[in-house]
There are 2 protein chains.
Amino acid sequence: MVYGGPMKWNDLGTDPCPVARALSVIGDRWTMLVVRECFFGIRRFDQMQERLGITRHVLADRLRTLEDAGVLRREAYQERPVRYEYRLTERGKALHPVLVSLITWANDAVPPPEQSSVTLVSRSTGAPVNPVLIDANTGTPITPHTVTAQRNEGA
Amino acid sequence: MVYGGPMKWNDLGTDPCPVARALSVIGDRWTMLVVRECFFGIRRFDQMQERLGITRHVLADRLRTLEDAGVLRREAYQERPVRYEYRLTERGKALHPVLVSLITWANDAVPPPEQSSVTLVSRSTGAPVNPVLIDANTGTPITPHTVTAQRNEGA
DNA sequence: CTAGTTAGTTCTAAAATAGAACCCACTTAT
DNA sequence: ATAAGTGGGTTCTATTTTAGAACTAACTAG
């Protein structure tokens with residue numbers, strides 16, 4: 001990240017720091033849970049509302065935000081009466097690594113492993129997976145020691 | 001995730017879904033920005049407060065939460081007068097993949113690439129890195145098609 | 001023409017956040 | 001001495017966000 005003075009939440013979406021920009025869209029208590037539901041194939045308002053226990057007001061607001069950010073697409077699945085559902089766009093599907101990283105972290109950080117009752121497994125073999133980040137260009141692992149953030153001036 | 005009735009934020013920390021548990025710690029507007037500062041080597045209260053523009057009240061609260069969650073360790077760096085600083089624990093360092101995933105997503109999702117002015121580069125070569133998740137056990141890429149969430153009963 | 005469905009909106013009360021001032025335990029400069 | 005920092009907080013009030021429950025709109029089905 002780059003220091004350019006204190007930030008307001010309003011201009012966070014245009015902050016030079018990508019972490020800040022990401023959080024301007026998905027950085028609140030409910031948004032990633034809504035996205036998770038979408039990855040589970042849940043598309044309808046009432047179903048999300050009931051499963052999450054989120055208030056209808058906040059759910060409507062988050063869905064609008066996600067649609068505006070291009071993460072979800074709102075589309076009518078019937079006419080007369082017209083009813084809408086929400087689906088992940090490509091940009092939404094690109095959040096998969098964020099979700100996987102959150103799952104991996106939570107499963108060995110909070111609470112300790114024994115209580116963790118949802119894990120990631122291979123769809124083909126059913127074996128547990130052990131996600132790690134590597135650089136696709138070189139194949140080397142990505143850690144705080146191997147990478148650093150760099151500011152790119154101009155454009 | 002697993003459906004076990006609507007959730008309250010109080011028991012989110014013990015939810016069977018790891019996404020919910022992760023968000024109970026880092027799922028708000030400021031927390032990952034505080035963590036980001038720590039990865040940048042910022043350790044002191046006043047410095048974080050000034051760089052982020054977060055209110056002192058909220059910063060104190062988040063630091064407490066992160067300490068309670070074992071993400072940060074608060075330690076005195078001098079006596080007379082005693083002054084404290086915050087450092088990432090191993091559990092905190094384990095959030096690195098979450099941060100990297102957020103950066104990667106933001107850089108090609110919000111806003112479009114040309115304005116993105118902070119990127120990840122290799123510390124050794126300076127070359128841009130292209131982070132992807134693979135399964136350390138098999139070497140195969142992790143995508144929504146290759147993995148799925150599984151509930152593990154009992155314990 | 002009554003009841004049901006489903007994606008929302010509109011209320012009020014409670015909780016979280018912003019912004020600014022203050023406090024405490026010192027150290028350093030006058 | 002006394003005055004002026006320093007730095008990690010706390011304490012206020014005002015504003016914003018969220019919770020919770022009720023209500024709409026636009027229909028369809030009995």
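Letters A, B, ... mirror the listed sequences (proteins, then strands); counts begin at 1.
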Item to check | Spacing between Q49(B) atom CD and dT6(D) atom P, to the nearest angstrom | outcome: 15 Å
Checklist entry - If every non-hydrogen atom of R21(B) is compared with every non-hydrogen atom of N107(A), which pair is closest and at what distance? => result NH2-OD1, 3.1 Å
Checklist entry - Base, sugar-phosphate alone, or nothing: which one does Y84(B) contact when heavy atoms must sit under 4.0 Å apart? => result sugar-phosphate
Checklist entry - Within this structure, what is the CD-to-C1' distance between Q78(B) and dG8(D), rounded to whole angstrom? => result 11 Å
Next on the checklist: Nearest to the side chain of A60(A), heavy atoms from C-beta on, is which of dT10(D), dT9(C), dG8(D)?
Outcome noted: dT9(C)
Next on the checklist: Among residues at least two apart in sequence or on other chains, which ones pass side-chain hydrogen bond (donor to acceptor under 3.5 Å, both in side chains) with T89(B)?
Outcome noted: none
For residues 126-138 of chain A, which side-chain N or O atoms pair as donor and acceptor with protein atoms under 3.5 Å away, sequence neighbours left out?
unit_1: D135(A); atom_1: OD1; unit_2: N137(A); atom_2: N; d: 2.9
unit_1: D135(A); atom_1: OD1; unit_2: N130(B); atom_2: N; d: 2.9
unit_1: D135(A); atom_1: OD2; unit_2: T138(A); atom_2: OG1; d: 3.3
unit_1: N137(A); atom_1: ND2; unit_2: P128(B); atom_2: O; d: 3.4
unit_1: T138(A); atom_1: OG1; unit_2: T140(A); atom_2: N; d: 3.3
unit_1: T138(A); atom_1: OG1; unit_2: T140(A); atom_2: OG1; d: 2.8

Item to check | Strand-adjacent residues in residues 61-73 of chain A, judged by heavy atoms under 4.0 Å from DNA chain D | outcome: R62(A)
Checklist entry - Taking only residues two or more places apart in sequence or in another chain, which ones pass side chain to side chain contact (heavy atoms under 4.5 Å, CB included) with D46(A)? => result R56(A)
Next on the checklist: Test your reading of the model: is there a side-chain donor-acceptor pair from E67(A) to the backbone of G70(A), 3.5 Å cut-off?
Outcome noted: no
Checklist entry - Out of dA7(C), dG8(D), dG8(C), which nucleotide sits closest to the side chain of Y77(A)? => result dA7(C)
Item to check | Results of side chain to side chain contact (heavy atoms under 4.5 Å, CB included) for R123(B) - residues two or more places apart only | outcome: T148(A)
Checklist entry - Is there a side chain to side chain contact (heavy atoms under 4.5 Å, CB included) between S24(A) and D15(A) once you walk through the steps? => result CA-CA 9 Å; S24(A) 75; D15(A) 196 274; over 6 Å; no
Checklist outcome for this item: For V82(B), the hydrophobic cluster (side chain heavy atoms closer than 4.5 Å, chained through members) also holds Y84(B)
Checklist entry - Within the structure, does a side-chain N or O atom of Y86(A) lie under 4.0 Å from either OP1 or OP2 of dT6(C)? => result no
Item to check | Test salt bridge (charged side-chain N to carboxylate O under 4.0 Å, His left out) applied to R44(A) - qualifying residues, sequence neighbours left out | outcome: E85(A)
Checklist outcome for this item: Separation of dG7(D) atom C1' from D46(B) atom CG, nearest Å, is 5 Å
Item to check | Residue list, side-chain hydrogen bond (donor to acceptor under 3.5 Å, both in side chains) with R43(A), at least two apart or on another chain | outcome: none
Checklist entry - Taking five pairs at each end, how big is the angle between the two axes of the helix from dC1(C)-dG30(D) to dT30(C)-dA1(D), to 10°? => result 10°
Next on the checklist: Nearest whole Å is fine: how far is dT17(C) P from L59(B) CG?
Outcome noted: 12 Å
Next on the checklist: So if I take every side-chain heavy atom of R29(B) and compare against dA18(C), dG9(D), dT18(D), which nucleotide ends up nearest?
Outcome noted: dT18(D)
Item to check | Remaining members of the apolar cluster that contains Y77(A), side-chain heavy atoms under 4.5 Å | outcome: none
Next on the checklist: Side chain of D28(B), heavy atoms from C-beta onward: which of dG8(C), dG9(D), dT17(C) has the nearest atom to it?
Outcome noted: dT17(C)
Checklist outcome for this item: Assert: residue with more 5' nearest nucleotide on DNA chain D, out of V58(A) and F45(B), is F45(B)
Item to check | Atom pair distance, as rounded to whole Å: CD1 in I42(A) and C1' in dT6(C) | outcome: 15 Å
Item to check | I54(A) CD1 - dA21(D) C1' separation (whole Å) | outcome: 16 Å
Item to check | Residues forming a side-chain hydrogen bond (donor to acceptor under 3.5 Å, both in side chains) with T104(A), sequence neighbours excluded | outcome: none
Item to check | nucleotides 21-30 of chain C: protein proximity per nucleotide (B base, S sugar-phosphate only, - neither; heavy atom, under 4.0 Å) | outcome: B---BSS---
Checklist entry - What is the distance, rounded to the nearest whole Å, between atom CE of M48(B) and atom C1' of dG9(D)? => result 14 Å
Item to check | Distance, rounded to the nearest Å, where Q47(A) contributes CD and dT6(C) contributes P | outcome: 10 Å
